[in-house]
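Everything on this sheet refers to the single structure shown next.
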Amino acid sequence: MYTQSMDLPGQVQLGGDSAEERRFQARVDADAKIEPRDWMPEAYRKTLLRQISQHAHSEVVGMYPEGNWITRAPTLMRKAILIAKVQDEAGHGLYLYSAAETLGQSRDQMMTALNAGKAKYSSIFNYPTLTWADVGAIGWLVDGAAIINQIPICRCSYGPYARAMIRICKEESFHQRQGFDIMLALSRGTPQQKAMAQDALERWWWPCLMMFGPPEQDSTHSAQSMQWKIKRVSNDELRQKFVDVTVPQAELLGLRIPDPQLKWNAERAHYDFGAINWDEFWRVVNGDGPCNRERLAARVAAYQEGQWVRDAALAYAQKQRDRARKEAA
Amino acid sequence: MIDQREWPLWEVFIRSKQGLDHKHCGSLHAPDATMAIKLARDVYTRRNEGVSIWVVPSAAISASDPDQRESFVEPMADKIYRHPTFYELPDELKHM
Amino acid sequence: MATKPEFVLRLGDNALILGQRLAEWLGHGPALEEDIALANVSLDLIGQARLWLACAGRLEGQGRDEDRLAMLRAQHEFRNCTMLELPNGDYALTVVRRMLFDAYQCVLLARLAQAPEDEVAAIAAKSRKEADYHWRHSADWTVRLGDGTEESHRRAQAALDQLWDYTHELFASDEVDPDAAGLREPWLALVEPVLAQATLAIPAPSRFLSTGKRGVHSEHLGHLLAEMQILPRSHPGAQW
């Protein structure tokens with residue numbers, strides 16, 4: 001469902017100026033797609049691989065916060081919808097791992113990096129889902145943020161990534177709607193349900209703003225990503241768009257966004273909002289958020305406990321091949 | 001290094017309606033062809049039932065070289081992950 | 001013979017309880033592809049549960065809809081067979097349980113397609129298409145686990161040894177379902193070849209008989225229901 005822009009200093013080498021690179025840049029400038037077997041700068045390949053795999057990891061880890069409420073969904077229809085949504089997230093992870101695999105790393109290698117704590121994924125999924133309203137908040141806010149982030153990537157220069165994003169955006173259209181629908185039902189419900197919705201909004205609002213990533217102070221790296229059309233819009237721009245779109249939605253729900261500095265600025269024609277606690281963001285992104293260890297442990301357990309199953313299927317396939325060979329002989 | 005215990009990669013082609021061609025729609029990992037077809041149905045036809053599903057091991061696909069001059073990513077040439085997922089085949093190859 | 005509401009409850013509860021158990025695998029399966037596949041099975045089963053429970057509510061005529069039945073009945077009112085409420089265990093237990101139940105669904109739903117009530121016959125026909133697909137998938141996996149590695153074989157055999165006793169319940173005829181015993185032969189005709197191909201040995205017969213479909217369950221259902229029903233029970237009358 002989402003990727004976070006976390007270009008850290010030292011991670012991205014700047015593009016060079018060889019003839020190949022100039023040709024490559026000309027293609028990108030002309031909005032031509034780069035495909036798996038085309039020449040590409042090593043830094044372009046590395047940046048994409050990191051970004052796509054982070055996005056894939058986010059989808060997969062993103063299954064857990066909402067998955068936590070499947071068995072407790074309050075109606076059978078809500079249960080079915082939630083299963084379908086979490087299933088979509090698995091599917092999105094799969095499409096993205098497939099896109100990343102065209103850049104030279106296997107899914108196993110990427111998952112091993114994730115399980116070892118060496119790969120990053122969106123910070124938002126390191127928060128716990130404590131009530132049913134959290135499920136609504138995630139659909140409404142997190143998927144809402146994801147859509148804003150993802151649509152520009154549909155025009156990214158790398159073909160497989162762009163096409164995966166188009167497929168994902170098509171499937172995603174119901175995700176946000178179902179989340180908002182949950183919040184709507186709660187906000188029109190009993191006082192306890194309304195309080196549940198308000199509480200969820202208060203716990204998810206700021207982490208959602210952090211999802212868009214830090215302000216791009218180190219402009220060189222973002223500039224490179226922009227030039228290669230991997231990144232199309234800045235973090236701050238996306239975050240501002242999210243706030244502008246979401247505030248009226250919260251008003252419709254009769255819920256209060258937990259930001260005393262949130263105010264419409266007629267001059268800018270945007271909402272002003274308060275300062276984000278970037279310290280918390282870095283703490284969570286670097287592994288010390290509320291649920292990081294649990295999320296990783298769940299991935300590790302699934303991967304390790306599933307090894308005998310995967311091995312069995314491969315062993316059977318081999319046996320079948322051996323049998324076929326014997327019969328042919 | 002390729003993990004020998006990883007399920008191989010398959011390319012998936014779906015005919016969504018009678019009368020149409022099979023279209024490439026993505027890839028997935030599966031232990032064998034039977035499983036690949038079943039999983040392709042689960043992964044790629046959730047929203048519109050495909051009429052027919054083809055799966056091909058990615059390693060079995062040959063593709064034309066888009067750029068005759070140089071292909072910079074030689075180190076990857078022997079890896080099965082250098083597969084043409086989402087590759088846009090020219091029209092002449094439609095009935096392959 | 002008219003279909004009894006309690007019989008339809010059995011169908012709905014079987015689908016609901018197994019659907020609930022399978023959904024627990026999401027995010028914890030051995031591969032992303034399998035998570036997606038299991039989710040599809042779970043969605044099919046929950047879809048069937050909704051249809052069957054709504055139908056049972058109508059036949060019963062007490063104004064209970066699918067959610068009142070799913071979320072507000074007490075444990076002794078649930079009519080699923082015990083096998084389906086057991087915890088998922090390892091992947092072998094999950095796969096073998098599915099295989100045994102999917103085969104049962106195939107033969108049962110084929111019979112129900114002849115039911116005198118249009119609604120029952122229609123739900124059965126739709127569900128049967130899904131059951132056919134589930135059966136082929138779980139049979140394939142049973143063979144791969146049984147005839148895979150030594151470890152997978154050991155786990156699959158252990159799963160079969162544990163679950164076989166619980167299948168007797170499926171074919172125990174009673175006043176709600178006098179024809180249950182008659183399904184055993186067609187069920188075995190499906191199951192035995194798969195087990196043979198999977199190199200799994202059919203356990204010895206025993207006198208164990210579970211009684212979930214009569215409302216007397218194992219200790220596991222109480223925990224499952226406590227989890228499943230908590231929100232409607234904590235917020236009486238609330239809409240979601």
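Below, chain A is the first sequence line, B the second, and so on; all start at residue 1.
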Pairwise side-chain contact, C:R144 with B:M35, heavy-atom cut-off 4.5 Å (strictly under): yes
Atom [atom1] of residue position [X] - does it have more than 12 heavy atoms of other residues, nucleotides or ligands inside 6.0 Å?
X	atom1	result
C:L188	CG	yes
C:Q239	CD	no
C:R111	CZ	yes

Nearest atoms (heavy-atom pairs only) where C:Y133 meets B:K38: OH-O, 3.1 Å
Separation between CG of B:L39 and CG of C:L32, rounded to the nearest 0.5 Å: 11.0 Å
Interatomic spacing from CH2 in B:W10 to CD in C:E33 - rounded to 0.5 Å: 12.5 Å
Single hit among C:I36, C:L38, C:V41 for side chain to side chain contact (heavy atoms under 4.5 Å, CB included) with B:D42: C:I36
Residue C:A37 versus chain B: region with a heavy atom under 4.5 Å: both
